[in-house]
*Asks:* 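Have a look at this one before I ask anything.
Counting from 1, the numbers follow the sequence of the chain as shown. A quick note: this is a predicted structure, and the numbers were derived from the prediction, not measured.
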Amino acid sequence: MGSDRSQYKLAGVMGWPVAHSRSPVIHNHWIAEHQLVGAYVLLPVQAQRLQQALRALPALGFAGCNLTIPHKVEAMQWVDHLHPMAKRIGAINTIVVEPDGSLTGKNTDGFGYMQSLLDVRPDWQAKAGPIVVLGAGGAARAVIASLIEYGATEIRLLNRTFSKAQELSQEFGIPVQAYPWESRDDALANANLLVNTTNQGMHGEPALDIALNALPSTALVSDIIYVPIETPLLAAAKVRGNTTINGLGMLLNQARPAFESWFGVRPEITPTLLAKVQATF
Ligand code: ATR
């Protein structure tokens with residue numbers, strides 16, 4: 001399906017609210033760059049209309065769509081096929097319309113996260129040392145599943161609500177150990193990577209309540225938030241000399257495999273694209 005470059009194809013992002021999404025900027029840039037015929041549009045769909053909207057995709061000529069709040073978990077029950085990684089994460093962010101009109105659900109968020117790390121540190125190894133994950137929601141699930149896929153053997157999961165960290169630890173097994181929020185210093189000792197998946201530090205939210213004193217200065221510090229581009233966590237890490245990774249790389253990299261599965265072309269993140277997306281903030 002992705003190989004016929006002259007066929008007009010639609011893709012889009014389904015969510016509610018959806019107007020703030022940067023995905024049209026990213027995908028329409030790639031459509032133009034690769035001289036494809038098609039468009040990537042906003043699909044404002046409320047929760048109660050999700051099933052109807054998904055079922056309409058093949059008839060409307062959609063190659064597929066992305067999913068955002070509040071559909072990432074709910075949509076799993078309405079697709080015909082699920083990728084194993086999407087099953088492990090428990091959410092989908094991408095739907096592909098197959099040639100027979102059936103729908104396949106995928107999750108590219110974890111890939112996007114890993115790629116954003118490797119873009120900054122190509123030699124980074126998930127198994128090289130303990131990894132600290134802050135938060136135990138949907139975003140944490142994508143990050144944890146991918147870290148394990150890339151070989152992580154020790155993930156220290158810190159969450160405000162300890163029971164949620166324990167649940168994830170049981171589900172993902174031995175590599176994931178739950179730490180109470182009060183044990184932040186213990187968790188940070190000798191860590192190789194710290195990643196924030198909570199909403200703390202996002203525009204309009206207070207900064208994450210964490211001191212970095214116990215973290216080695218060689219550790220990578222990453223935040224999946226991209227508004228603001230430098231969260232208080234990243235600013236504090238930079239001051240200490242840690243290499244920091246903001247959430248923009250994850251946003252851009254999760255879009256790449258989705259675009260490829262719809263349009264048959266593997267797109268790249270160029271400085272022009274980066275500047276275009278940054279100009280929207
Ligand atoms: P997402 O899908 O983006 O991961 P989510 O599933 O709502 O969103 O998860 C939000 C995460 O941020 C949770 O881990 C949440 O902690 P709780 O499990 O205790 O709710 C975390 N979070 C939200 N507000 C927080 C706060 N004030 N301090 C620390 N963590 C917070």
*Asks:* Let me check something: any side-chain donor-acceptor pairs from residues 18-27 under 3.5 Å, sequence neighbours excluded? List them with distances.
*Replies:*
from: S21; atom 1: OG; to: S23; atom 2: N; distance (Å): 3.0
from: R22; atom 1: NE; to: T280; atom 2: OG1; distance (Å): 3.0
from: R22; atom 1: NH1; to: H20; atom 2: O; distance (Å): 3.3
from: R22; atom 1: NH2; to: T280; atom 2: O; distance (Å): 2.9

*Asks:* Which residue in the set L134, L208, D209 passes side chain to side chain contact (heavy atoms under 4.5 Å, CB included) when paired with Q200?
*Replies:* L208
*Asks:* Short question: side chain of T108, backbone of F111 - any donor-acceptor pair under 3.5 Å?
*Replies:*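 Not a single qualifying donor-acceptor pair exists.
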*Asks:* With sequence neighbours left out, what residues match S146 under side-chain hydrogen bond (donor to acceptor under 3.5 Å, both in side chains)?
*Replies:*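 None.
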*Asks:* Can you tell me if N192 uses its side chain to pair, donor with acceptor, with the backbone of Q125 under 3.5 Å?
*Replies:*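 Side chain of N192 to backbone of Q125, a donor-acceptor pair under 3.5 Å: yes, one is there.
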*Asks:* Look only at the side chain of R240 and the backbone of L215, and say whether a donor-acceptor pair between them is shorter than 3.5 Å.
*Replies:* yes
*Asks:* How many angstroms lie between atom CD1 of I210 and atom CG of L233, to the nearest 0.5 angstrom?
*Replies:* 7.0 Å
*Asks:* Just grab all the side chain to side chain donor-acceptor pair (under 3.5 Å) pairs involving residues 213-230, residues at least two apart or on different chains.
*Replies:*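 Matches after skipping sequence neighbours: Y113-S222, N196-D223, D223-T231, E230-K238.
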*Asks:* Residues in side-chain hydrogen bond (donor to acceptor under 3.5 Å, both in side chains) with T244, at least two apart?
*Replies:*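 Listed in chain order: nothing, the list is empty.
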*Asks:* Between T104 and H83, is there a side-chain donor-acceptor contact under 3.5 Å, judged purely by atom types and distance?
*Replies:*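 The criterion, which ignores hydrogens and geometry beyond distance, is not satisfied for T104 and H83.
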*Asks:* Please list, one pair per line, the donor and acceptor atoms closer than 3.5 Å that link side chains of residues 58-73 to other protein atoms, with sequence neighbours excluded.
*Replies:*
from: N66; atom 1: OD1; to: Y40; atom 2: OH; distance (Å): 2.7
from: N66; atom 1: ND2; to: N93; atom 2: O; distance (Å): 3.0
from: N66; atom 1: ND2; to: T94; atom 2: OG1; distance (Å): 3.3
from: H71; atom 1: NE2; to: V45; atom 2: O; distance (Å): 2.8
from: K72; atom 1: NZ; to: D109; atom 2: OD2; distance (Å): 3.0

*Asks:* Name all residues meeting the side-chain hydrogen bond (donor to acceptor under 3.5 Å, both in side chains) criterion together with E182; count only those two or more places apart in sequence or in a different chain, and write none if there are none.
*Replies:* none
*Asks:* Any side-chain donor-acceptor pair under 3.5 Å between K9 and Q7?
*Replies:* no
*Asks:* State, to 0.1 Å, how close E74 and L50 come at their nearest heavy-atom pair, and which atoms those are.
*Replies:*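 Where E74 meets L50 most closely, the heavy atoms are CB-CD2, 3.8 Å.
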*Asks:* Within this structure, what is the CD1-CG distance for the pair I225 and L251, rounded to the nearest 0.5 Å?
*Replies:*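 One gets 13.0 Å once the value is rounded to the nearest 0.5 Å.
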